[in-house]
Amino acid sequence: MNCEFAETTVHGYFDGELDAVRSAEFERHLERCVECQRTLESMESLRTRIRHADLSERASPALRDRIRKDLAGTPEKAAPRRVFHPGRFLVPAFGLAAAGLMIALGLGWIQRSSRTTQITAELVDAHVRSLQPGHLADVQSTDQHTVKPWFDGKLDFIPSVSDYAEQGFPLTGGRLDVIDGHTVAAMSYGRRKHIINLFVWPAARESLPDTSGSRQGYNWMAWRAGEMQFCLVSDVSAGDLGELKRLMLAR
Amino acid sequence: MLQAEEKFRFEQLVLPHLDSAVNLARWLLKNRSDAEDVVQEAMLRACRFFDRFRGGDARAWLLQIVRNSCYSWFEKNRRSEFMTEFDEELHGPAVADPETLAAQADDRRRLTKTLAGLPARYREVIVLRELEGCSYKEIAEITGIPIGTVMSTLSRARQQLQGALSGVASKEAP
């Protein structure tokens with residue numbers, strides 16, 4: 001061990017933490033330095049090994065439950081009491097009219113957004129249900145050519161099914177689910193030890209805005225592509241969901 | 001404690017990082033039930049002090065609280081982190097052929113044992129960087145290590161881990 005970079009800078013380079021100038025400088029050095037090349041290689045293989053071993057631990061359903069109860073039990077602060085102020089009653093007439101307009105506009109928005117809330121709540125429930133033993137897949141397969149034909153004849157639309165095992169999202173199976181009284185296609189993917197559900201249905205039936213959110217500690221991400229509505233639900237990070245969405249859109 | 005909308009914000013911003021919290025606590029305390037108790041308490045504390053959260057990185061903010069709670073746990077229980085063995089649960093991915101599964105479980109056990117054997121200050125940076133994908137800035141924020149020394153701490157941690165792994169490998173070789 002003679003190279004001073006092999007003990008420090010090479011790690012910053014490997015982790016993508018060097019600025020452009022230092023990074024370029026280090027790359028020039030790397031071309032000549034066998035020691036740094038070797039360190040870089042061994043770090044790559046260590047990282048791959050750790051990734052494959054999947055060492056991440058996750059919260060048990062029991063802990064999730066305990067915390068949910070804790071939070072529900074947390075007393076809420078009383079809203080500050082309003083102080084009586086006579087001036088407040090002198091609201092000009094145009095103010096009332098404006099308020100009326102806002103309410104009319106707002107109602108439409110609330111209707112749409114409460115609809116989204118209702119659908120995503122059902123999707124999150126469906127996701128939670130799927131985590132119970134034996135509920136995740138009606139057809140268990142990592143092969144998209146097995147899962148896709150399984151849906152034939154069971155739905156009035158044909159969902160496309162793809163596997164993303166190489167990118168870290170292996171397909172694990174498919175099943176039917178019911179959302180808002182309609183049958184939808186559900187496919188499950190693995191992400192490390194976590195499970196991601198993809199729900200697909202014709203957008204004409206019910207569409208969600210292209211947005212994401214979270215509910216009860218689960219993240220969801222919805223988008224529309226072509227005639228179809230898609231929604232991912234999982235306890236993995238929104239970043240992971242975004243990555244899977246990009247992969248699906250690129251297909 | 002919290003007004004309804006603040007509680008909603010807490011659920012949106014902080015709660016989704018529960019798995020990361022458990023991951024860090026479990027690797028620091030090496031025991032699931034202790035880790036979950038500490039995380040439950042840390043979550044309550046985070047909720048109580050949520051008004052001190054100034055926006056920004058909610059995961060780093062939560063993990064900092066979890067890490068502090070873990071270290072206070074060590075003090076309170078007068079336990080050195082070296083006294084505990086990692087209580088390993090075997091859980092493999094749901095789908096794989098038996099052969100790969102066995103080989104994977106084998107390597108997982110070896111890695112778990114070796115990583116659990118590292119000193120806490122090295123173990124935590126490996127967990128944060130390699131399992132949680134934290135940036136150096138986040139690692140500095142969570143652990144309190146000055147940002148300038150995150151790189152060298154990681155470098156030493158990786159060297160130790162690699163050294164120990166090759167040691168374990170050669171010991172176990174026939």
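In what follows, chains carry the letters A, B, and so on, assigned in the order in which the sequence lines appear, proteins first and then strands, with residues in each chain numbered from 1.
Residues of residues 144-156 of chain B placed with any heavy atom under 4.5 Å of a heavy atom in chain A are listed by number as B/M151, B/S152, B/L154, B/S155.
Within a 6.0 Å radius of NE2 in A/H29, more than 12 heavy atoms belonging to other residues, nucleotides or ligands are found. Residue B/E41 qualifies as open at atom CD: its count of foreign heavy atoms under 6.0 Å is 12 or below. Within a 6.0 Å sphere centred on CZ of A/R38, other residues, nucleotides and ligands contribute 12 heavy atoms or fewer.
In terms of heavy-atom pairs under 4.5 angstrom with chain A, the leader among B/V22, B/N23, B/V14 is B/N23. The residue among B/M43, B/K137, B/R158, B/E11 with the most heavy atom pairs within less than 4.5 Å of chain A is B/R158. Among the candidates B/L15, B/I126, B/V127, B/D107, the residue making the largest number of heavy-atom pairs closer than 4.5 Å to chain A is B/D107. Contact count against chain B (heavy-atom pairs under 4.5 Å) is highest for A/S60 among A/S60, A/G190, A/G16.
Annotation: side chain of B/R26 is not in contact with side chain of A/R58 (no heavy-atom distance under 4.5 Å). Side-chain atoms of A/L46 and B/L165, non-hydrogen and from C-beta on, do get closer than 4.5 Å to each other.
A donor-acceptor distance shorter than 3.5 angstrom exists from the side chain of B/Q162 to the backbone of A/S42, with no hydrogens or angles considered. In this structure, the side chain of B/Q12 engages the main chain of A/S214 through a donor-acceptor pair within 3.5 Å.
Ion pairing of B/R108 with A/D54 is absent here, as no side-chain N (NZ or NE/NH1/NH2) approaches a carboxylate O to less than 4.0 Å. Checked for salt-bridge contact, A/E57 and B/R32 meet the test: a charged N lies under 4.0 Å from a carboxylate O. Between B/D37 and A/R66 there is a salt bridge, with a side-chain nitrogen of the basic residue lying less than 4.0 Å from a carboxylate oxygen of the acidic one.
Counting all heavy atoms, side chain and backbone alike, A/F14 lies closest to B/E130 at CE2-OE2, 4.4 Å. Among all heavy-atom pairs drawn from A/L63 and B/Q40, the shortest one is CD1-CB, 4.0 Å. Here the closest heavy-atom approach between residue A/A72 and residue B/K7 is recorded as O-NZ, 4.0 Å. Nearest heavy atoms, B/L131 versus A/S56: CB-OG, 3.8 Å. In terms of heavy atoms, B/W27 sits closest to A/L55 at NE1-O, 3.2 Å.
B/S72 meets the side-chain contact (heavy atoms from CB on, under 4.5 Å) test with no other residue; sequence neighbours excluded. Scored by the salt bridge (Lys or Arg N to Asp or Glu O under 4.0 Å) test, B/E132 finds B/R59 as partners (sequence neighbours excluded).
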> Are B/L18 and A/R64 close enough, and set up right, to give a side chain to side chain contact (heavy atoms under 4.5 Å, CB included), and what steps lead you there?
Replying inline: CA-CA 8 Å; B/L18 179 61; A/R64 262 174 214 289; 3.7 Å; yes
> Can you check side chain to side chain contact (heavy atoms under 4.5 Å, CB included) on A/I50 and B/L161, steps first, answer last?
Replying inline: CA-CA 11 Å; A/I50 291 178; B/L161 181 60; 4.2 Å; yes
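Expressed to the nearest 0.5 Å, how far CZ of B/F8 lies from CG of A/L71 amounts to 13.5 Å. Interatomic distance, A/E17 CD to B/R129 CZ, rounded to the nearest 0.5 Å: 6.5 Å. Between the CD atom of B/Q159 and the OG1 atom of A/T39 there is a distance of 8.0 Å, given to the nearest 0.5 Å.
Heavy-atom distances place both the backbone and the side chain of A/D15 under 4.5 Å from chain B. Both the backbone and the side chain of B/S135 come within contact range of chain A, with heavy atoms under 4.5 Å apart. For a residue to count as touching a neighbouring chain, one of its non-hydrogen atoms must lie under 4.5 Å from one of that chain's; by this rule A/R49 touches chain B with backbone and side chain alike.
Within the structure, salt bridge (Lys or Arg N to Asp or Glu O under 4.0 Å) contacts touching residues 120-141 of chain A (residues at least two apart or in different chains) are A/R129-A/D177.
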